[in-house]
**Student:** 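This is the structure, below, for whatever I ask next.
Worth knowing before you read on, the calculation uses all heavy atoms, side chains too, and leaves out hydrogens, waters and symmetry mates. Residues take their numbers from the sequence shown, with the count starting at 1.
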Amino acid sequence: MTVTETLADQAYRHVRTAIASGELPPGQKVTERGVAERLAISPTPVREALRRLELDGLIERIGPRTVLVAAIRDAAIDDLAEVEVGLRGLVARFAARHATTAQLDALDRILDRADDLLILLKEHRRHDRPTDRHLTALLDTMQEFNDTVDACAHNPVLIRMLEQSRVFSRPRRRELLLQRVHEDETFGLERYTSHRALVRALRAGDSAAAEQIALTDAQGGLAALREGR
């Protein structure tokens, strides 16, 4: 992978996330120079990223170096979300085939830590104590869980495709998660229990069950975040 390709991917994800989150609303003008300055990169990778976004139907070109965010944003983001969900399911399917015992044991340990943090969170809330530190630690732990599941797939190409298909960048996803949890302390708990079920499916080598669990979790998670953006 060349540096230009890497920077183009970065610019693509940046603009796409801004469109998905509503930061760039339909009709908003976007320039190559503006994106390049914001990301501190040259216009060349930005130009490539905007071409890709144009093919995705997310932007419409109005000049050689200027585009508008397309009015069909919601439908296009629906398509992107469907791709991301599908790839998450495939990752789980591959993980059920290829996860090692050491990796599966690591997943259980990560969830044990998450359980402990969740207990601490509930205890602090019950006594009206600050919870930000424990909440951040819990989100970090769940990100570690997701990254470990990705590693279990032993398929770098698939993981790269997943990274490129994310509707929300990792920082934006973290921001939305924190916002939703502060609004509703039970946010996401209905999907939290699915992680143990996923590890059980991975241990059993049950590709179909693992894929379905991942699909359901990803669909619910993305839908909830998009509602709150």
Side-chain angles (χ1 to χ4, degrees), residues 17 20-21 81-82 84-96 99 101-153 159 162-163 165-229:
T17 296
S21 67
E82 187 173 348
E84 179 179 347
V85 168
L87 288 173
R88 288 183 183 279
L90 278 177
V91 167
R93 175 174 284 273
F94 274 76
T101 300
Q103 287 175 319
L104 293 169
D105 290 344
L107 287 173
D108 277 329
R109 288 194 298 271
I110 292 169
L111 290 180
D112 287 343
R113 282 193 277 119
D115 288 342
D116 291 341
L117 286 167
L118 192 56
I119 291 171
L120 282 173
L121 265 174
K122 291 179 178 178
E123 185 69 16
H124 278 240
R125 284 169 176 159
R126 187 178 301 115
H127 295 284
D128 199 26
R129 297 172 185 164
T131 59
D132 287 353
R133 181 167 63 88
H134 297 300
L135 178 57
T136 298
L138 179 59
L139 293 180
D140 288 343
T141 302
M142 295 319 302
Q143 184 59 62
E144 182 184 355
F145 177 84
N146 292 331
D147 289 343
T148 303
V149 171
D150 290 350
C152 288
I159 301 309
L162 174 59
E163 287 295 329
S165 74
R166 292 182 186 278
V167 174
F168 299 111
S169 66
R170 291 192 181 211
R172 179 56 177 164
R173 186 181 184 89
R174 170 65 66 92
E175 180 184 343
L176 289 171
L177 280 169
L178 287 170
Q179 176 184 319
R180 295 303 304 277
V181 172
H182 283 305
E183 293 170 354
D184 176 8
E185 63 184 36
T186 66
F187 178 77
L189 291 183
E190 75 281 1
R191 295 189 312 279
Y192 177 76
T193 55
S194 70
H195 292 86
R196 291 287 186 188
L198 176 59
V199 177
R200 288 194 296 270
L202 297 181
R203 281 196 183 278
D206 191 337
S207 297
E211 181 173 22
Q212 187 55 56
I213 292 167
L215 287 172
T216 300
D217 180 63
Q219 286 169 341
L222 274 177
L225 289 180
R226 291 182 64 194
E227 287 172 5
R229 72 179 189 269

**Student:** Mind checking salt bridge (charged side-chain N to carboxylate O under 4.0 Å, His left out) for E82 and listing every partner two or more places apart, or none if nothing turns up?
**Tutor:** none
**Student:** So do the side chains of M142 and L111 get within less than 4.5 Å of each other, counting heavy atoms only?
**Tutor:** yes
**Student:** Assess whether atom CZ of R133 is packed by more than 12 heavy atoms of other residues, nucleotides or ligands within 6.0 Å.
**Tutor:** no
**Student:** Measuring from D217:CG to N146:CG, what's the distance to the nearest 0.5 Å?
**Tutor:** 7.5 Å
**Student:** Given side chains that start at C-beta, do those of H182 and D132 come closer than 4.5 Å, heavy atoms only?
**Tutor:** yes
**Student:** For D150, is there an ion pair with R88 - N to carboxylate O distance below 4.0 angstrom?
**Tutor:** no
**Student:** Using the side-chain contact (heavy atoms from CB on, under 4.5 Å) criterion, which residues pair with V181? Sequence neighbours excluded.
**Tutor:** R125, L135, F187
**Student:** Could you measure the distance from the CZ atom of R126 to the CD atom of E123? Nearest 0.5 Å is fine.
**Tutor:** 5.0 Å
**Student:** By side-chain contact (heavy atoms from CB on, under 4.5 Å), which residues pair with A99, not counting sequence neighbours?
**Tutor:** Q103, L104, C152
**Student:** Tell me, with the steps shown, if D108 and R200 meet salt bridge (Lys or Arg N to Asp or Glu O under 4.0 Å).
**Tutor:** CA-CA 10 Å; D108 277 329; R200 288 194 296 270; over 6 Å; no
**Student:** Just to verify, what does R109 make a side-chain contact (heavy atoms from CB on, under 4.5 Å) with, not counting sequence neighbours?
**Tutor:** D105, A106
**Student:** Sort and list the pairs that fulfil ring pair (Phe, Tyr, Trp, His ring centres under 6.0 Å) and have at least one residue in residues 107-129, not counting sequence neighbours.
**Tutor:** H124-H134
**Student:** With sequence neighbours left out, what residues match F145 under ring pair (Phe, Tyr, Trp, His ring centres under 6.0 Å)?
**Tutor:** H195
